[in-house]
Amino acid sequence: MRSFDPDAGLGDVAGVVMLYQRRLLDHALGVYRWRERPGWTRGSLFLVEHDAQTVAVCGGFGLGAPAAALVMEQLISLGARRFVTVGTAAGLQPELGPGSLVLCESALRDEGTSHHYLPPRRTAAAALDLTDRLGRLLPRAVRGMVWTTDAPYRETRGEVAAYEKALVLAADMEAAALFTVAEHRQVEAAAIVAIADSLVRPRPREDRPETQKALQRALAAAVQALTVGLRHSVGP
């Protein structure tokens, strides 16, 4: 494995995977060889080995655009230049059930953080090359736009109906902010979300095994896309 220089911060890593679910972080630590870097960020930061390269995995920093943007800024200041975030979202299309994977090509900026980084415009875009790498590794993931909002309990029926009609795929809480931070700081960011529940067919969210399995596939694809990338598919 290429040697890691702690004095270089994260300048030597292939990229960073940011995780929101503690169970997924625990899964990552059970799958990969890792070394912890305590105190480097607000979250828990680990260096994992894959295909003779080093990838940083960061989690435990909370949910929502402000928390994710804060940690991303810290990671950028340490030298990181490529990011993939993996989390959950609520579906906005009837065919997207629990366990469906959505590869976010762009995000509607209906949160506050992104407006501190870029002038007002409707959407923020993911890094195309990194998104394409993930798409080839996850050939059954659906690609398109998501709706990023700060207020998951204030989504109205009118908004849900309008976004469903506009073919927006899912509602999340971070993608738009991370894409704008990345654009402002001139780094790359991509996002994958696993559908955990639905806004068009609302019912109480459950901890579904298919959602956990989808998150694990997304994690494997994220690590692979940041390193050697494209030799094998990692599942649907």
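Residue pairs meeting the side-chain hydrogen bond (donor to acceptor under 3.5 Å, both in side chains) criterion with at least one member in residues 91-106, sequence neighbours excluded: Glu105-Arg143.
The cluster map of Ile, Leu, Val, Met, Phe, Trp and Tyr, joined by side-chain heavy atoms under 4.5 Å apart, puts Met173 and Val168 in different clusters. Put simply, Leu103 and Leu169 are part of two different groups of oily side chains (I, L, V, M, F, W, Y) that touch within less than 4.5 Å, one to the next. Cluster annotation: Leu47 is connected to Trp40 through the hydrophobic network of ILVMFWY side chains, with a link wherever side-chain heavy atoms come within less than 4.5 Å. Tracing side-chain contacts under 4.5 Å through hydrophobic residues (I, L, V, M, F, W, Y), one reaches Val86 starting from Val31; they form part of the same cluster. Grouping the Ile, Leu, Val, Met, Phe, Trp and Tyr side chains by contacts below 4.5 angstrom, directly or via other members, places Val102 apart from Leu63.
The backbone N or O of Ala14 lies less than 3.5 Å from a partner atom in the side chain of Arg82, making a donor-acceptor pair. Of the possible donor and acceptor atoms, none in the side chain of Glu73 sits under 3.5 Å from a partner among the backbone N and O of Ile76. Under the 3.5 Å distance criterion, the side-chain polar atoms of Asp150 are matched with a main-chain donor or acceptor of Gly112. Judged by distance alone, the side chain of Trp147 and the main-chain N or O of Leu108 form no donor-acceptor pair under 3.5 Å. Within the 3.5 Å criterion, the main-chain N or O of Glu174 finds a donor-acceptor partner in the side chain of Asp172. Arg109 places no side-chain N or O within 3.5 Å of a backbone atom of Ala177 that could act as its donor or acceptor partner. Formation of a donor-acceptor pair under 3.5 Å by the Gln212 side chain with backbone atoms of Pro209 is not found in this model. Panel note: side chain Arg42, backbone Val71; no donor-acceptor pair is recorded below 3.5 Å.
Using a 4.5 Å heavy-atom cutoff, the side chains of Glu188 and Arg81 are not in contact. Using a 4.5 Å heavy-atom cutoff, the side chains of Phe179 and Ser114 are not in contact. Using a 4.5 Å heavy-atom threshold, the side chains of Arg22 and Leu25 count as touching. Contact of the Cys58 side chain with the Leu19 side chain is not registered, since no non-hydrogen atoms from C-beta on lie closer than 4.5 Å. Glu155 is listed as a side-chain neighbour of Thr149, based on a closest heavy-atom distance under 4.5 Å. Considering only heavy atoms from C-beta on, Thr54 comes within 4.5 Å of Arg35 through its side chain. You'll find the side chain of Glu164 reaches within 4.5 Å of the side chain of Pro94, heavy atoms only. Side-chain atoms of Ile195 and Thr88, non-hydrogen and from C-beta on, never get closer than 4.5 Å to each other.
In this structure, Arg121 pairs ionically with Glu183, as a charged nitrogen and a carboxylate oxygen lie closer than 4.0 Å.
In this structure, CG on Leu134 lies 4.5 Å from CD1 on Ile192, to the nearest 0.5 angstrom. Note: Asp132 CG to Leu137 CG = 11.0 Å, rounded to the nearest 0.5 Å. One finds the CG atom of Asp110 at 12.5 Å from the CZ atom of Arg154 (value rounded to the nearest 0.5 Å). Expressed to the nearest 0.5 Å, how far CG of Leu45 lies from CD of Gln74 amounts to 10.0 Å. Summarising the geometry, atom CG belonging to Leu178 is positioned 5.5 Å from atom CE belonging to Met72; distances are rounded to the nearest 0.5 Å. Distance check: Arg201 CZ to Leu96 CG gives 10.0 Å after rounding to the nearest 0.5 Å.
Across all their heavy atoms, Ala190 and Thr131 have their closest contact at CB-OG1, 3.8 Å. Of all heavy-atom pairs spanning Ala56 and Val13, the tightest one is N-CB, 4.5 Å. Smallest separation of non-hydrogen atoms from Ala89 and Ala171: CB-O, 3.2 Å. The heavy-atom pair separating Leu138 from Ala218 by the smallest distance is CD1-CA, 4.3 Å. Summarising the geometry of Ala80 relative to Val187, their closest heavy-atom pair is O-CG1, 4.1 Å, with the distance given to 0.1 Å. In this structure, Thr211 and Pro98 approach most closely via the heavy-atom pair OG1-CB, 3.8 Å.
Two rings, from Phe61 and Tyr20, have their centers less than 6.0 Å apart.
A donor and an acceptor atom, one from each side chain of Gln224 and Thr227, are nowhere located under 3.5 Å apart.
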Trace of the side-chain contact (heavy atoms from CB on, under 4.5 Å) decision for Phe83 with Met18: CA-CA 7 Å; Phe83 296 83; Met18 295 174 62; 4.0 Å; yes
Verdict with supporting geometry, Leu226 and Val55, side-chain contact (heavy atoms from CB on, under 4.5 Å): CA-CA 7 Å; Leu226 289 168; Val55 173; 4.1 Å; yes
Residues Val17, Leu219; criterion side-chain contact (heavy atoms from CB on, under 4.5 Å); working and verdict: CA-CA 8 Å; Val17 183; Leu219 168 66; 4.1 Å; yes
Steps toward side-chain contact (heavy atoms from CB on, under 4.5 Å) verdict (Arg136, Arg133): CA-CA 5 Å; Arg136 288 190 283 269; Arg133 279 177 169 247; 4.2 Å; yes
